[in-house]
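Below, read A as the first sequence line, B as the second, and so on, with proteins coming before strands; counting in each chain starts at 1.
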Amino acid sequence: MDFKLIEAKWQKKWEETGLYKFDRDRVNKKYYCLEMFSYPSGAKLHAGHWYNYGPADTFARFKRMQGYEVFQPMGFDAFGLPAENYAIKTGIHPEESTLKNIATMEGQLRRIGAMYDWDYEVKTCLPEYYKWTQWMFLQMYKHGLAYRKEAPVNWCPSCNTVLANEQAQGGVCERCGSQVTHKNLNQWFFRITAYADELLDCIDKLDWPEKTKLMQKNWIGRSYGGEIEFDVKDSDLKIRVFTTRADTLFGVTYVVLAPESPLVDCLTTDAQRAAVEEYREKSAAATEIDRLSTTREKTGVLTGSYAINPINGREVPILVADYVVAGYGTGAVMGVAAHDERDFVFASKLGLPIERVIKGAEGQDDALPFTQYGVMVNSGEFDGLASEEGKKAVINKLASMGKGCMKTNYRLRDWLISRQRYWGAPIPIIHCEHCGDVPVPEEDLPVRLPHNVNFTPDGESPLKKCEEFINTTCPVCGRPAKRDADTLDTFVCSSWYYLRYPDSKNDKQPFDSDWINKMLPVDKYIGGAEHACMHLLYARFFTKALRDMGYLNFDEPFLSVVHQGTILGPDGNKMSKSRGNVVSPDDSIIKYGADVFRVYLMFGFNYIEGGPWNESGLDSINRFFERVERLVKKCYELAFKDAPLGKAEKELNRVRHTTIRSVTNDLGNFSFNTAIARLMEYVNAIYAYEGGVSEKNAVFKDCVRDLVLLLAPFAPHVAEELWEMLGMKYSVFDQAYPVCDEKATVPDEVELAVQINSKLRGKIMVATGADKAEIEAAAVDAVKGALEGKAVKKVIVVPGRLVNIIA
RNA sequence: GCCGGUGUGGCGGAAUGGCAGACGCCUCAGACUUAAAAUCUGAUGUCCGAAAGGGCGUACCGGUUCGAGUCCGGUCACCGGCACCA
């Protein structure tokens, strides 16, 4: 078989006949199969891309053969940092490099032989797409889900520019190596926390990997506790702290503020000012991961002010320490050294008092720090209360004093969407001196990204320096005003693209709600596990927000999610240009064709796990195809008789149906490797039959026909060719996937292993359908020599597998 | 550091708590061939043994169970994410 010829032949035929055009009239049978779209980086698809898209296409084809109207679109997540960095380095405009990369990738994606319907393609960097991304922002704004506040960015004082976390690894600028610090900027946020409860409570209903659901739950991180207000001595200021352990309030020996907290300025005494300023500067250089590390040395300084514990009036010092972060809770914590690990270490280091207020149960080791629940002591009227009740009692008491309340807190933070970069969708807001922040009227969208912009890093958002972009008039008062110079986080673009695909050409609205409500939710979403917390959560948030605005009638965008693993370079590292370990599929495809490569990727790895590249089995797939082709040819060369099934035929037919059953199950679970193993065993069984019988029963032909059908989703070009060789009508993908006849899978008798304890002692043949007593009797009879006169205590029969005799 | 995951022959990888290593690669032997390639057949975890057979084996330590790769507790190693890579 000449793979090059047949690939070209069938791809052309598929295109000419419009085989994969989505039939909108069959929307009631729709199956929305979505693969995460690609970032158009570099020039070529590597083996990893094929790994993402080839097996996913096999799944989509399988669904099609099961009778679904499969919608499988493809597009590009085209805005982002790499194109901009590439432009800074080479001078090639991001638009040029991105569109060129997309064109290359489109061609390469076609070679995979996937059944994408390219009519629905989206590219997020085109105005006809980002117009609606901006529209999304405006809806969020109008519904109170977008707001502006000060937030820190990574700042390189030497390059005078904002850095992405990726560019500031280890706290060092990747361009110049200087120490990265933080700088506050006024930036836009989406109020994702407004949906924290729903995002959390709906997770259990989703058919997603359990680990992903768990990670998302922990990411949202709901905790129930209380907010407690501390007065500041000789001041009107108040400090509010969040705690899940109000039962330890009597043990507070100090209060800590995050260095970024605005209270720090007001609370620092003159005597402490120099020390506090120095400390704040130092902690501005630390990364958040470092700051939250439990093993990092705890540091902190006194502000010189004192807080008053509302429960007992005790004065405790107020400190600044960077193990407290501004973003979580209130940015202030009460220090209970005796009952919290971090507080204990911190207090020990700084010589702050440590006072026990919780006792463990009788006989329990309750050495300090004792962080479990126990019984309150040294806590006045609350002594003797268990932690659970104590927490409530303390908060209730504080509430009656106006000093506290119950509070639910989330680890989830609002989503910062402003980027001080060029290559993104401009934020459709106009800043007017008289009218404040004014949204761009919807009819004025898109706010076009200007082409001629100097985006070399010099301390300003690139768009700020583009006069014709930044200067505009206020849509409300008509006076001169400035556009927002920032662009949207690319996660905003990818939070709604699945809604755009089915209606990608709509120029009146982002999508037609009636149509989208029929096409969504996505039935199967396939992509990397690295998106478990951010992209998947953002997309869920968008869906829920748009639902509440009345644009959608469903709650969740992705009913079922599957993560594929990563194909690493042969050295076991992530493929990257800089490591020089990128595996190109080109050589293999020239040698063997796309189908061999696709099938090898599915056979050689566990799809969910991935692994280091290793091509030692590629040849075996080629061999496998040749074996199948030879069987197809045999259908013409051999003589057949229509006769009842003999023993050999029955066995062959049994293997046929068990194969259909397992391949169908395996495809449903994305266990492509075991599915192909079953197909290979099936081929071996057909060969064994063919070699052992002189005159072939007609069942042989049926078996070969089913083999081609079973193989079709895996190797689409080869299967079309074989289907034609069998004299069948185009196309194999209009055929139904074979269905298992359960009756045919039942053998006449089964072999059971019989063992005594863990020692294997023998095997017995038992007629199918034998009852438990018969099996037990046969098993005891088979091993009675080994029982050494001992009585049989218990017999455990594992159906179809083994009989375990306990003597 | 925190959250989540993974760990099985020379290799890729299979195993609803029930015969570990399916299927394939590599290697070896045999058939066919003048020869080679291709193809076909067989062997192939490891140790002892000529063989029959037996011992040991799923990162490490411990536990639950008639029975553990699988469940539980701990250790180590590696991978993903940690909010401006996408």
Side-chain angles (χ1 to χ4, degrees), chain A residues 36-39 41 77 79-82 85 153-154 162-168 187 192 209-219 221 287-296 327 411-421 489-491 493-494 527-535 537-538 563 565-566 568 572 574 600 603-606 608-621 623-624 626-627 630 671 673-681 684 687 691 751-758 760 763 793-807:
Chain A
M36 288 181 184
F37 60 178
S38 265
Y39 182 80
S41 65
D77 190 13
F79 274 137
L81 191 60
N85 286 340
V153 292
N154 295 316
V162 176
L163 298 175
N165 288 343
E166 196 187 46
Q167 301 172 295
Q187 308 191 76
I192 190 172
E210 286 306 319
K211 62 162 190 163
T212 307
K213 296 204 267 188
L214 190 56
M215 275 192 275
Q216 225 173 74
K217 281 182 193 174
N218 291 340
W219 184 265
T287 68
E288 193 163 294
I289 289 175
D290 281 342
R291 281 175 57 176
L292 292 172
S293 165
T294 47
T295 51
R296 179 169 177 258
R411 209 186 70 94
L412 180 70
R413 311 204 288 254
D414 277 338
W415 172 13
L416 176 97
I417 51 168
S418 295
R419 295 291 180 273
Q420 295 71 43
R421 297 190 200 292
D489 177 9
T490 52
F491 274 125
C493 309
S494 58
E530 66 273 20
H531 293 293
C533 291
M534 304 182 68
H535 164 62
L537 194 65
Y538 295 150
H563 298 307
T566 314
L568 307 170
K574 225 178 186 174
Y600 175 64
F603 181 62
F605 303 86
N606 174 313
I608 311 293
E609 286 166 22
W613 177 251
N614 155 6
E615 60 186 43
S616 59
L618 252 174
D619 209 46
S620 69
I621 305 298
R623 232 172 355 243
F624 169 60
E626 282 168 358
R627 280 166 71 80
R630 255 177 265 137
S671 302
N673 54 351
T674 49
I676 293 164
R678 294 291 94 80
L679 288 176
M680 288 177 170
E681 287 173 297
N684 291 343
Y687 266 91
E751 188 185 72
L752 291 184
V754 180
Q755 61 181 40
I756 300 172
N757 294 334
S758 60
L760 182 67
K763 299 199 177 206
K793 280 190 195 146
K794 195 170 152 194
V795 180
I796 297 164
V797 178
V798 180
R801 287 176 180 267
L802 146 137
V803 186
N804 193 356
I805 295 171
I806 297 148

Open item on the list: side-chain contact (heavy atoms from CB on, under 4.5 Å) for W219(A) and L412(A)? Distances and angles first, verdict last.
Closed with: CA-CA 6 Å; W219(A) 184 265; L412(A) 180 70; 3.8 Å; yes
TODO: Using only side-chain N and O atoms of R801(A), determine if any of them is under 4.0 Å from OP1 or OP2 of rC19(B).
DONE: yes
Open item on the list: Categorize S418(A) for me: base, sugar-phosphate, or nothing, with a 4.0 angstrom heavy-atom threshold over every strand shown.
Closed with: base
TODO: Test for a donor-acceptor pair under 3.5 Å between the base of rC84(B) and the side chain of Q187(A), counting only N and O atoms.
DONE: yes
Task: Interatomic distance at C1', rG57(B) relative to rC47(B), whole Å - done: 10 Å
- [ ] Could you state the atom-to-atom distance from NE2 of H535(A) to P of rA86(B) in whole Å?
- [x] 13 Å
Task: Base-pairing mate for rC85(B) - Watson-Crick or G-U, with both contacts under 3.5 Å - done: none
Open item on the list: For the P atoms, the ones on rC2(B) and on rG21(B), what distance do you get once it is rounded to whole angstrom?
Closed with: 39 Å
Task: Rounded distance in Å between the C1' positions of rA51(B) and rC40(B) - done: 29 Å
Open item on the list: What's the separation between atom CD1 in I192(A) and atom CG in L416(A), rounded to the nearest 0.5 Å?
Closed with: 12.5 Å
Open item on the list: Using a 4.0 Å heavy-atom cut-off, does I796(A) contact any base of the nucleic acid, only the sugar-phosphate backbone, or nothing at all?
Closed with: base
Task: Side chain of R630(A) (C-beta onward), nearest among rG1(B), rG80(B), rC40(B) - done: rC40(B)
TODO: Kindly say whether G80(A) contributes a backbone atom to a donor-acceptor pair with the side chain of R421(A) at under 3.5 angstrom?
DONE: no
Open item on the list: What is the separation between atom CD on E609(A) and atom P on rC11(B), rounded to the nearest whole Å?
Closed with: 16 Å
- [ ] Could you check how far CG of L214(A) sits from P of rG80(B), rounded to whole Å?
- [x] 19 Å
Open item on the list: Nearest to the S620(A) side chain among rC85(B), rA86(B), rG24(B), which nucleotide is it?
Closed with: rG24(B)
TODO: Respond yes when some side-chain nitrogen or oxygen of N165(A) is under 4.0 Å from OP1 or OP2 of rA83(B), and no when none is.
DONE: yes
Task: rA31(B) and rA35(B), which share atom name P, separated by this distance in whole Å - done: 11 Å
Open item on the list: Taking any heavy-atom pair under 4.0 Å as a contact, classify W219(A): base, sugar-phosphate, or nothing.
Closed with: base
TODO: Among rG24(B), rC19(B), rC82(B), find the nucleotide with the atom closest to the side chain of I289(A).
DONE: rC82(B)
TODO: With heavy atoms under 4.0 Å as the rule, sort R296(A) into base, sugar-phosphate or nothing.
DONE: nothing
Open item on the list: Counting only side-chain nitrogens and oxygens, does S616(A) get under 4.0 Å of the OP1 or OP2 atom of rC11(B)?
Closed with: no
Open item on the list: Regarding L618(A), tell me which of base, sugar-phosphate or nothing describes its non-hydrogen contacts under 4.0 Å with the strands shown.
Closed with: nothing
Task: Of D619(A) and Q420(A), the one whose closest RNA chain B nucleotide lies more 5' - done: D619(A)
TODO: Ignoring backbone atoms, test whether R623(A) places a side-chain nitrogen or oxygen under 4.0 Å from the OP1 or OP2 oxygen of rC25(B).
DONE: yes
Open item on the list: Suppose we define a pair by two distances each less than 3.5 Å, Watson-Crick or G-U wobble; what does rA14(B) pair with here?
Closed with: none
- [ ] May I ask which nucleotide in the shown strands pairs with rC19(B), Watson-Crick or G-U wobble, both distances under 3.5 Å?
- [x] none
- [ ] Could you check V162(A), D489(A), V153(A), L81(A) and say which one makes a side-chain contact (heavy atoms from CB on, under 4.5 Å) with R419(A)?
- [x] D489(A)
Open item on the list: Would you measure the distance from the C1' atom in rG18(B) across to the matching atom in rG69(B) and give it in whole Å?
Closed with: 13 Å
Task: N/O (side chain, R419(A)) to phosphate O (OP1/OP2, rC84(B)) under 4.0 Å - done: yes
TODO: Both distances under 3.5 Å, Watson-Crick or G-U wobble: report the partner of rG67(B), or none.
DONE: none
Task: Watson-Crick or G-U counterpart of rC28(B), or none if no pair lies under 3.5 Å - done: rG42(B)
- [ ] Indicate yes or no for a side-chain donor-acceptor contact from Y538(A) to the backbone of W415(A) under 3.5 Å, with no hydrogens or angles considered.
- [x] no
TODO: Please determine, for the side chain of K574(A), which listed nucleotide (rA83(B), rG80(B), rA86(B)) has the closest atom?
DONE: rG80(B)
Open item on the list: Please classify rG24(B) as syn or anti, treating any glycosidic angle within 90° of 0 as syn.
Closed with: anti
- [ ] Could you check whether the rings of Y600(A) and W613(A) sit parallel, tilted or perpendicular, using 30° and 60° as the cut-offs?
- [x] perpendicular
TODO: Would you indicate what G527(A) reaches in the nucleic acid, counting non-hydrogen atoms under 4.0 angstrom: base, sugar-phosphate, or nothing?
DONE: nothing
Open item on the list: Let's test your reading of the model: under 3.5 Å, does the base of rC84(B) pair with the side chain of Q167(A) as donor and acceptor?
Closed with: no
Open item on the list: Roughly how many Å apart are rA77(B) and rA29(B), using the C1' atom of each and rounding to a whole number?
Closed with: 40 Å
- [ ] Starting at atom NZ of K211(A), determine the distance to atom P of rG5(B), rounded to an integer number of angstrom.
- [x] 8 Å
TODO: Verify the contact: side-chain N or O of N684(A) to OP1 or OP2 of rG24(B), cut-off strictly under 4.0 Å; return yes or no.
DONE: yes
Task: Rounded distance in Å - CZ (F491(A)) to C1' (rA86(B)) - done: 6 Å
Open item on the list: Roughly how many Å apart are rC3(B) and rG17(B), using the P atom of each and rounding to a whole number?
Closed with: 27 Å
Task: Rounded distance in Å - NE2 (H563(A)) to C1' (rU6(B)) - done: 15 Å
TODO: Find the distance L537(A):CG to rG80(B):C1' and express it as a whole number of Å.
DONE: 17 Å
- [ ] Identify whether any heavy atom of M680(A) sits under 4.0 Å from a base atom; if not, whether one sits that close to sugar-phosphate; answer base, sugar-phosphate or nothing.
- [x] sugar-phosphate
Task: Given rG24(B), rG13(B), rA86(B), the nucleotide with the shortest approach to the side chain of F605(A) - done: rG13(B)
Task: Assigned partner base of rG73(B), Watson-Crick or wobble definition, under 3.5 Å - done: rC61(B)
Task: Separation between the P atoms of rU58(B) and rG5(B), rounded to whole Å - done: 23 Å
- [ ] Considering just the side-chain nitrogens and oxygens of R411(A), establish if one lies under 4.0 Å of OP1 or OP2 belonging to rA83(B).
- [x] no
Open item on the list: Given 3.5 Å as the limit, does a donor-acceptor pair link the side chain of S293(A) with the main chain of T295(A), or not?
Closed with: yes
Task: Below 4.0 Å: OP1/OP2 of rG4(B) and any side-chain N or O of N218(A) - done: yes
TODO: Would you state whether a donor and an acceptor, one from the side chain of N154(A) and one from the base of rC84(B), lie under 3.5 Å apart?
DONE: no
Open item on the list: Please confirm whether the shortest side-chain N or O distance from N673(A) to OP1 or OP2 of rA14(B) is below 4.0 Å.
Closed with: yes
TODO: Describe, in one word, how the ring planes of H535(A) and F491(A) are oriented to each other, choosing from parallel (under 30°), tilted (30 to 60°) and perpendicular (over 60°).
DONE: parallel
Open item on the list: Under 4.0 Å, heavy atoms only, any strand: does E681(A) hit a base, just the sugar-phosphate, or nothing?
Closed with: sugar-phosphate
Open item on the list: Classify L412(A) by what it touches in the nucleic acid, base, sugar-phosphate, or nothing, heavy-atom distance under 4.0 Å.
Closed with: base
Task: Proximal nucleotide (of rC84(B), rG18(B), rC23(B)) relative to the A677(A) side chain - done: rC23(B)
- [ ] Scan F624(A) against the nucleic acid and name what it touches under 4.0 Å (heavy atoms): base, sugar-phosphate only, or nothing.
- [x] nothing
Task: d(CG, N804(A); P, rA68(B)) in whole Å - done: 11 Å
